Amino acid sequence: MIDVRLLRVDLEATKAALARKKVSGEEVDRAASLDARRRQLASQVDELRAQVKALSRQVGEAMRAGNAPGARALSEESKRAGAELAALESQGAALEAELRDALLRLPNLPAPEAPDGVSPEDNVVVRTVGYDPDGYQPHQRVPHWDVGAELGILDLGRGAKIAGSMFPLLRGQGATLARALCQLALDRNADAYTEIRPPSLVRTPVLEAVGQLPKFADDAYHIERDDLWAVPTAEVPLTSMHAGEILSEGDLPLRLMAYTPCYRREAGAAGRDTRGLLRVHEFDKVEILAVCTRAQAQALHEEILGRAEAVISELGLPYRVVEICTGDLGQSHARSFDIEVYAPGCDMWLEVSSVSWFSDYQARRASVRYRPAGGGVVQLCDTLNGSALAVPRVWAAIVETYRQADGSVQVPTCLYPYMRGEKLIRR
RNA sequence: GGAGGGAUGGCAGAGCGGCCGAAUGCGAGGCUCUUGAAAAGCCUUGGGAGUGCAAGCUCCCCGUGGGUUCAAAUCCCACUCCCUCCGCCA
């Protein structure tokens, strides 16, 4: 969430910044006025409480002095003040809750550098690497759902039988390929990132911390009986790993990575780009993440983007880097770059990674802070993350790109060790 | 799942319902002494909200949420987590 103080000190500027993300001025005003009312009430409550405390202290003193009637009188007075206090307090609590909810729903401020825009069409292609529109043979122009069915490595029908549509089932070398990709991504980042295997079911506050709740509850799977949520990405547990902690500046940046399954209901996306592996409810992903100071954030953003690109390059897939415009930026994002690989079979650019800087938006929600090395007040951390590798779409692009005239698929060299040395996927 | 025990500041660990945001020890920081270091001594050392130019003042936080009371770290209830034992089980 954003700093409430922005609503007091810099309301107009904040409105202007949020307007770039298509937030109405009224919504911001509403939060600002809730905040003003809350503070006004809080100072009344403080004052009353101070009075009750003072009276209580006097009751104790009177009793010790053996002045029972005096104590009784003071106690009566305090009781009256206490009743008044309770009433004000419950009003205050209600306001507080309302404000918190309003604040939780306000998105992060976009970075000034983020390009203006209202929809995905306004996103900016920063660079395109290795793409040659004329460099493809007809045998590469087969979509992965056909390639997968043909080779018996992707069985959408059986996946659907077990769990419903958009729950793919990989088989044989297809399953091995998926695992190989995770392995590769983990190994390529192990030089700097600590591998974590977090729980993939989490509590409500954990999902709230990343900005997923309360606004986007419909997109996540919820296990009612235990009140747990299935993570949509490893970002969720990793961001909350240090929730409520005060880290030492010397320990920053924290570099973490994790493989997890990811679960998404894709509630709003019915019917859009849902063929094959383009959009699925469950998939595997390796996420890399950093917790750092504001000063370190920019460099880490580039680092994570570079690492995500490196894995795609090593797989030999053409890709482009797209900077997300303000109107398309996610709730929690301040600035974000997508990596899209080119899939020749379906002739589409597929988003395979989103590398984002969250400024202190998530850290404030999760309360992840650090103590500056030179002393001084505790500061909020910044968080950043990106997919090192999201399996299904990369899997799709590989199967399409490396399909040969005879229908078999060549395994990219870097995956040999993870494919038990096999160089070819065939029937 | 059942039975017990526990949760207090960076850590360890006290805490009679009022004088407890909290003893004490360790750790950390500063200073004195010293050529330097060690030792010793002195001092400092949690987070948050509000208000104020500031000094300051007020309030909240002793796992979380409720309750009792004039007054709760202290009493009661619920929940969460940790530990021990039993059961079950990959």
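Chain naming here is simple, since letters A, B, ... match the order of the sequence lines and numbering starts at 1 in each. Since the model is a prediction, treat every value here as computed from it, not as a measurement. Every heavy atom of this structure was used, including side-chain atoms; hydrogens, water molecules and symmetry mates were not.
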(request) State the pairing partner of G4(B); accept Watson-Crick or G-U wobble contacts with both distances under 3.5 Å, and report none otherwise. (result) C83(B)
(message) Checking side-chain polar atoms at under 3.5 Å, does Y418(A) have a donor or acceptor matched by the opposite partner on D187(A)?
(response) yes
(message) Pairing check on G25(B): which nucleotide meets the Watson-Crick or G-U wobble criteria with it, both distances under 3.5 Å?
(response) C11(B)
(request) Nearest whole angstrom, please: distance from the P of A49(B) to the CG of L103(A). (result) 13 Å
(request) Report the residues that fulfil ring pair (Phe, Tyr, Trp, His ring centres under 6.0 Å) with H222(A), sequence neighbours left out, ordered by chain and then residue number. (result) W229(A)
(message) At less than 4.0 Å, is any side-chain N or O atom of K79(A) found next to OP1 or OP2 of U68(B)? Yes or no.
(response) no
(request) Would you classify V378(A) as touching base, sugar-phosphate or nothing, given that sugar-phosphate means primed atoms plus P, OP1 and OP2, and contacts are heavy atoms under 4.0 Å? (result) sugar-phosphate
(request) Name the residue closer to the 5' end of RNA chain B, choosing between R8(A) and L74(A) according to the nucleotide with the nearest heavy atom. (result) R8(A)
(request) Name the pairing partner of U68(B), where a pair is Watson-Crick or G-U wobble with both distances under 3.5 Å, or state none. (result) none
(request) Take the protein atom CZ of R38(A) and the nucleotide atom C1' of G48(B), then report the distance between them rounded to whole Å. (result) 11 Å
(request) Quickly work out the D227(A) CG to C79(B) P distance and round it to whole Å. (result) 15 Å
(request) Would you kindly give the CD-to-P distance between E245(A) and G47(B), to the nearest whole Å? (result) 16 Å
(request) Report the residue (R203(A) or V52(A)) whose heavy-atom-nearest nucleotide on RNA chain B is the more 5′ of the two. (result) V52(A)
(request) Calculate the interatomic distance between Q44(A) atom CD and U58(B) atom P; express it in whole Å. (result) 19 Å
(request) Between C19(B) and A73(B), how far apart are the C1' atoms? Round to whole Å, please. (result) 16 Å
(message) By the 4.0 Å heavy-atom rule, please label A42(A) as base, sugar-phosphate, or nothing.
(response) nothing
(message) Return the pairing partner of C62(B) with a 3.5 Å limit on both distances, Watson-Crick or G-U wobble; otherwise return none.
(response) none
(message) When both hydrogen-bonding distances must be under 3.5 Å and the geometry is Watson-Crick or G-U wobble, what is C20(B) paired with, if anything?
(response) none
(message) Strictly distance-based, threshold 3.5 Å: is any side-chain N or O of R265(A) a donor or acceptor partner for the main-chain N or O of D218(A)?
(response) yes
(request) Can you tell me, in whole Å, how much space there is between the P of G65(B) and that of C81(B)? (result) 16 Å
(message) At 4.0 Å (heavy atoms only), tell me whether R369(A) reaches a base, stays on the sugar-phosphate, or touches nothing.
(response) sugar-phosphate
(request) Using a cut-off of strictly less than 4.0 Å, decide whether R39(A) has a side-chain nitrogen or oxygen near OP1 or OP2 of A49(B). (result) no
(request) Indicate whether any N or O donor in one side chain lies under 3.5 Å from an N or O acceptor in the other, for T233(A) and K285(A). (result) yes
(request) Starting from C1' on U69(B), measure out to CZ on R72(A) and report it in whole angstrom. (result) 16 Å
(message) Is a donor from one side chain sitting under 3.5 angstrom from an acceptor on the other, for Q379(A) and E249(A)?
(response) no
(request) Determine which nucleotide pairs with U74(B), using a 3.5 Å limit on both distances of a Watson-Crick or G-U wobble pair. (result) none
(message) Does a side-chain N or O of R49(A) approach OP1 or OP2 of C60(B) to a distance below 4.0 Å, or not?
(response) yes
(message) Could you check whether S119(A) and D328(A), counting side-chain N and O atoms only, form a donor-acceptor pair closer than 3.5 Å?
(response) no
(message) Please name the nucleotide paired to G50(B) by Watson-Crick or G-U wobble geometry with both distances under 3.5 Å, or report none.
(response) C57(B)
(request) Any strand is fair game: report the nucleotide pairing with A40(B) by Watson-Crick or G-U wobble, both distances under 3.5 Å, or none. (result) U32(B)
(request) With side-chain contact (heavy atoms from CB on, under 4.5 Å) as the test, would you mind laying out the steps for F337(A) and I324(A) before giving the verdict? (result) CA-CA 6 Å; F337(A) 296 90; I324(A) 306 305; over 6 Å; no
(request) Starting from P on U69(B), measure out to CZ on R80(A) and report it in whole angstrom. (result) 17 Å
Give each protein N/O atom lying under 3.5 Å from an N/O atom of nucleotides 17-20 of chain B, with the pair distance.
residue	atom	partner	partner atom	Å
G18(B)	N2	S56(A)	O	2.7

(message) I'd like to check the salt bridge (Lys or Arg N to Asp or Glu O under 4.0 Å) partners of R188(A); sequence neighbours left out, ordered by chain and number.
(response) E314(A)
(message) Closer than 4.0 angstrom, basic N to acidic O: yes or no for D227(A) and R203(A)?
(response) no
(message) Would you say R5(A) places a side-chain N or O within less than 4.0 Å of OP1 or OP2 belonging to A49(B)?
(response) yes
(request) Rounded to whole angstrom, note down the C1' distance from C11(B) over to A28(B). (result) 11 Å
(request) Check the distance between U58(B)'s P and L48(A)'s CG and give it to me in whole angstrom. (result) 16 Å
